[in-house]
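We use all heavy atoms of the structure for the numbers below, so side chains are in, but hydrogens, waters and symmetry mates are not. Just so you know, ligand 1 is whichever comes first in the structure, and atom 1 is the first atom listed for that ligand.
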Amino acid sequence: MKADLVFTGKGHAGTQATLEKEFAVHKLHEAPQEDAFLKGVAGKVRGIASFGHRKVDGKLMDALPKLEIIANFGVGVDQINLDDAKQRNIIVTNTPDVLNECVADTALALVLCTLRRFPQSDAYLRTGAWAAKGPYPLTTSLGGKTLGILGLGRIGEAIAKRAMACGMTIRYHNRRKKDSPFPYDADPVTLAKNSDVVMVVTPGGAETKNLVNAKVLDALGPEGFLCNIARGSVIDEPVLLRYLQEKKIAGAGLDVFVDEPKVPPEFFKLENAVLFPHVGSATVETRKAMGDLQIENLRLHFSGKPVKTRVV
Ligand code: 8YV
């Protein structure tokens with residue numbers, strides 16, 4: 001007998017195809033009427049495979065009283081209410097580590113593109129400006145600059161390694177000081193003050209909401225750059241937009257936004273921002289590895305074994 005699973009969104013095609021072969025899958029995101037859908041499957045669903053931004057909260061958990069496990073596609077689990085899961089003894093898994101290198105590659109690309117303005121210089125050539133106006137204006141080097149990592153975990157360490165290869169110096173802030181060779185700053189404002197580029201790598205969720213606010217951007221200053229590979233919610237987005245418009249910081253490189261895939265169109269007009277459509281982990285290899293880990297956790301759980309990467 002196949003165990004019954006709910007998908008919360010459209011996600012990685014190969015992963016979803018495998019899950020559909022091995023489990024009896026019910027697609028919440030395709031239901032014309034969520035309440036009726038949930039009532040129809042409530043008696044049998046034992047697992048959720050979470051894809052995308054759909055909230056998985058106590059209300060959804062209570063609508064599925066036989067729920068045992070929520071397996072997330074992704075390392076970030078901010079769309080899942082972990083306290084609600086814990087209270088109900090529901091296991092939550094994620095997909096850590098397999099995406100570290102790819103996300104760190106994207107983070108370094110953001111730094112390179114933001115400081116060196118490579119996307120803008122590509123557009124300069126394509127629109128004929130090189131021939132018409134002469135060379136692209138000079139930009140600024142990575143070498144000799146300080147990268148302040150806000151959230152030095154495994155992804156942050158992989159970013160540090162790459163940035164050091166470009167001649168950057170590393171410092172960091174975490175809630176707790178780590179056993180790390182890099183200098184520690186006690187709060188985000190001090191980190192921003194001591195850095196040329198701040199890279200946000202914290203988890204999302206309530207605890208980090210608007211952690212990067214006007215005070216942090218003031219400390220970064222008009223020569224400073226901000227990059228975000230974490231979650232849009234960590235930065236006060238309207239404040240960041242204003243600081244970029246008014247050139248109160250030098251520039252920003254953003255892979256994540258508050259209300260994805262919607263990005264405030266005012267960002268599109270900025271010459272001093274580089275915008276990626278949340279491609280941090282988006283390679284064929286890494287997305288397959290993430291899906292394989294999500295599937296493995298579900299297989300292990302439903303064959304009575306402990307899961308591999310448990311969050312709660
Ligand atoms: C993915 C991510 O974009 O792992 C995460 O937390 O943000 C990314 O790797 C996302 O999970 C795909 O839906």
Quick one: pull up CG in N272 and CD1 in I249 and give me the separation to the nearest 0.5 Å.
->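 Taking CG in N272 and CD1 in I249, the distance rounds to 7.5 Å.
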
At a 4.0 Å threshold, what atoms of ligand 1 neighbour a non-hydrogen atom of [X]?
X	value
M290	4 (O), 9 (O)
R231	2 (C), 5 (C), 6 (O), 7 (O)
L99	4 (O), 9 (O)
G74	4 (O), 5 (C), 11 (O)
V75	4 (O), 5 (C), 6 (O)

Is the number of heavy atoms from other residues, nucleotides or ligands within 6.0 Å of NZ (K2) greater than 12?
->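 Counting neighbours around NZ of K2, more than 12 heavy atoms of other residues, nucleotides or ligands fall under 6.0 Å, so yes.
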
May I ask you to decide if the ring planes of Y124 and Y136 are parallel, tilted or perpendicular, using 30° and 60° as cut-offs?
->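 The arrangement is perpendicular - the two ring planes meet at more than 60°.
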
Proximity winner for atom 12 (C) of ligand 1, if only heavy atoms of R287, H12, K10, H278 are counted |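 Selected option, by shortest heavy-atom distance: R287.
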
Using side-chain contact (heavy atoms from CB on, under 4.5 Å) as the criterion, point out the one residue from V111, T169, T140 that pairs with K145.
->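 Checked V111, T169, T140 against K145; only one passes side-chain contact (heavy atoms from CB on, under 4.5 Å): T140.
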
Closest protein heavy atom (residue, atom, distance) for atom 8 (C) of ligand 1 =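 Protein heavy atom at minimum distance: S281 OG, 3.4 Å.
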
Top protein contact for atom 10 (C) of ligand 1, by heavy-atom distance |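 Here the closest protein heavy atom is F73 O, 4.3 Å.
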
Any idea which part of T95 is under 4.0 Å from ligand 1, heavy-atom wise: side chain, backbone, both or neither?
->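 None of T95 does.
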
Would you say K308 and L293 make side-chain contact, with heavy atoms under 4.5 Å?
->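 Counting from C-beta outward, K308 and L293 do come under 4.5 Å.
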
Answer yes or no for K248 and Y243: cation-pi contact, defined as NZ/CZ to six-membered ring centre under 6.0 Å and angle to ring axis within 45°.
->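 The answer is yes, since K248 meets both limits relative to Y243.
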
Compute the centroid of each ring, for Y172 and then for F182, and state whether the two points are separated by less than 6.0 Å.
->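 No: the rings miss the under 6.0 Å criterion.
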
